[in-house]
Protein chains: 2
Amino acid sequence: MYAVKAMPRPRSLTPARLADAALAVLDRDGLAGLTMRAVGAQLGTSTMGLYRYVADRDELEALVVERVLDRVDTRPPLDVPWPDGVRELAGRVRHAVGAHPAVVPLLPAHRHRSPAILRWGEAVLAVLTRAGFTGTGRVVAFRALLGYVVGAIQMEHLGALAGPGTAAIAALPRDEFPLLAETARDAGAVGPEDEFGGGLDLLLDGLARRLDT
Amino acid sequence: MYAVKAMPRPRSLTPARLADAALAVLDRDGLAGLTMRAVGAQLGTSTMGLYRYVADRDELEALVVERVLDRVDTRPPLDVPWPDGVRELAGRVRHAVGAHPAVVPLLPAHRHRSPAILRWGEAVLAVLTRAGFTGTGRVVAFRALLGYVVGAIQMEHLGALAGPGTAAIAALPRDEFPLLAETARDAGAVGPEDEFGGGLDLLLDGLARRLDT
DNA sequence: GTTGTAGGAGTACGTAGTACGCCTACAACG
DNA sequence: CGTTGTAGGCGTACTACGTACTCCTACAAC
């Protein structure tokens with residue numbers, strides 16, 4: 001029947017351990033430091049040994065992204081008003097990513113293939129559906145939320161008004177960019193949490209208005 | 001006084017020509033094809049010659065981004081209702097980037113340093129200010145718009161619901177991601193233009209509500 | 001023990017970015 | 001019109017990356 005001649009040697013690593021090692025390297029040395037050699041060293045194994053577990057560097061990056069994202073609780077909060085549910089889900093992603101800022105540049109490229117993000121999307125849709133969104137309205141709502149969350153998280157960690165970028169903008173030639181300079185100064189009074197939440201609330205208000213009519 | 005002993009040889013390239021060459025390579029061969037050697041070849045000059053004009057590859061990328069973005073008209077449309085002004089400005093950026101999709105992955109990293117984006121931001125703020133936004137409310141409004149535009153453009157070109165990603169998601173196991181599958185199917189009826197505009201309208205509605213109260 | 005499979009390590013190749021040094025073209029001066 | 005100083009242009013070469021390939025070895029079933 002089945003020629004069960006021999007069982008191969010058991011695997012000594014797990015994808016999870018690999019992802020943890022890569023994430024440790026990423027947190028320590030940043031994106032530029034995330035090389036196959038560095039991850040191999042982190043695991044105490046050879047560089048090429050990694051290729052027993054991932055096809056290429058791209059797949060390793062995907063593992064890291066997934067490792068960060070699958071810590072978000074993707075159970076849809078259906079026991080609260082729907083705007084609070086969306087806020088909660090968005091906040092969970094923001095929080096998980098905030099713990100590992102160096103993965104931010106990797107997110108856009110690996111978002112599609114991440115099961116964790118798919119589960120998250122399913123949860124968002126559950127909340128939206130429960131709220132009464134259907135059809136194309138739900139498509140637009142979902143896309144808008146996803147776009148905002150992705151964009152806002154990037155803004156936060158690559159610094160435009162928040163973070164180091166603020167100072168740079170505040171120092172702009174005031175005669176050429178008077179409003180930017182003024183806004184950058186005002187931004188000092190708004191924490192990153194409030195910026196993220198404030199923008200999200202704008203979207204949620206817009207969505208609520210769609211439900212009323 | 002000034003020992004004006006000798007005038008150096010005049011430059012044979014301009015940053016603009018360099019940027020055009022790099023953009024041509026980017027459009028033709030994609031981001032992975034954008035190498036110093038390829039751009040040198042495109043210009044008919046040597047690889048190292050580029051370093052007379054840029055400090056490193058990063059700066060060359062910044063030139064490309066700037067080349068794409070400085071085609072957007074950044075005069076604030078103040079002669080229309082403010083939501084239309086914002087829509088116009090957002091659409092201009094989306095349109096400019098859409099002409100060179102390969103620059104999308106470069107945008108987040110180079111956004112801070114781009115004079116064109118700063119001018120654009122100044123225009124957005126002019127519209128918002130004219131509409132009546134001030135202080136922290138204006139900060140949040142601006143950040144939200146910027147975040148949405150950046151995020152939505154990336155979603156559009158890296159494909160989540162729109163583009164090739166849609167098919168992938170529509171083919172998901174329906175029992176595990178029923179709502180995502182359904183939404184992906186619904187998304188077929190919504191063009192990218194409508195998705196972008198629809199989400200933006202949600203934000204604008206939310207903003208309008210802030211002005212009423 | 002024997003055997004088949006797959007793991008692990010090391011070597012080596014192609015290509016990227018870029019430091020460095022030589023030669024040369026040009027503008028200002030005599 | 002020759003001289004001269006500066007910077008441009010080019011080529012070479014170094015380093016680090018991703019990764020293909022080849023050996024050797026550890027293990028589970030017989």
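Because the structure is a prediction, the values reported are computed rather than measured. Each chain gets a letter, A, B and so on, in the order its sequence line appears, and its residues count up from 1.
- For the ring-ring contact (aromatic ring centres under 6.0 Å, His included) test, residues two or more places apart in sequence or in another chain that qualify with F133(B) are W82(B).
- Distance CG (L34(B)) to C1' (dG17(C)): 12 Å, rounded to an integer number of Å.
- Listed nucleotides: dG11(D), dG18(D), dT18(C). Nearest to the side chain of Y51(B): dT18(C).
- Both T35(A) and R37(B) lie near DNA chain D, and the one whose nearest nucleotide falls closer to the 5' end is R37(B).
- In this structure, T45(A) reaches the dA9(C) phosphate: one of its side-chain N or O atoms is under 4.0 Å from OP1 or OP2.
- By the 4.0 Å N-to-carboxylate-O rule, D70(A) lies too far from R119(A) to be salt-bridged with it.
- The distance from atom CG of L60(B) to atom P of dA16(C) is 14 Å, rounded to the nearest whole Å.
- Legend: residues meeting salt bridge (charged side-chain N to carboxylate O under 4.0 Å, His left out) with R67(A), ordered by chain and number and at least two apart, are D20(A).
- Of the possible polar contacts, one joining the R92(A) side chain to the D73(A) backbone as a donor-acceptor pair under 3.5 Å is found.
- The nucleotide whose nearest atom lies closest to any side-chain atom of M48(B) is, among dA9(C), dT19(D), dG11(D), dG11(D).
- Rounded to whole Å, the distance from CG on D58(B) to P on dG17(C) is 12 Å.
- By the 6.0 Å and 45° rule, R94(A) stacks over the aromatic ring of F196(A).
- For D56(B) and dA16(C), the CG to P distance is 17 Å, given to the nearest whole Å.
- Here dA9(C) presents its C1' atom at 15 Å from CG of L43(A), a figure rounded to the nearest Å.
- With hydrogens and angles ignored, a donor-acceptor pair under 3.5 angstrom links the side chain of R52(A) to the base of dG7(C).
- We find that CG of L13(B) is positioned 11 Å from C1' of dG8(D), with the value rounded to whole Å.
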Determine whether R28(A) and Q42(A) satisfy the following criterion, side chain to side chain donor-acceptor pair (under 3.5 Å), listing intermediate values before the conclusion.
CA-CA 11 Å; R28(A) 175 162 30 87; Q42(A) 174 78 21; 2.4 Å; yes

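- Rounded to an integer number of Å, the gap from CE of M36(B) to P of dT15(D) is 20 Å.
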Dot-bracket encoding of pairs in DNA chain D, which uses [ ] for pseudoknotted crossings and | for another strand, Watson-Crick or G-U under 3.5 angstrom:
||||||||||||||||||||||||||||||

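- Listed candidates were dG11(D), dA12(C), dT18(C). Nearest to the side chain of S46(B) is dG11(D).
- Atoms CG and CG, from D194(A) and L200(A) in turn, are 12.5 Å apart once rounded to the nearest 0.5 Å.
- The distance from atom CZ of R57(A) to atom C1' of dA20(D) is 18 Å, rounded to the nearest whole Å.
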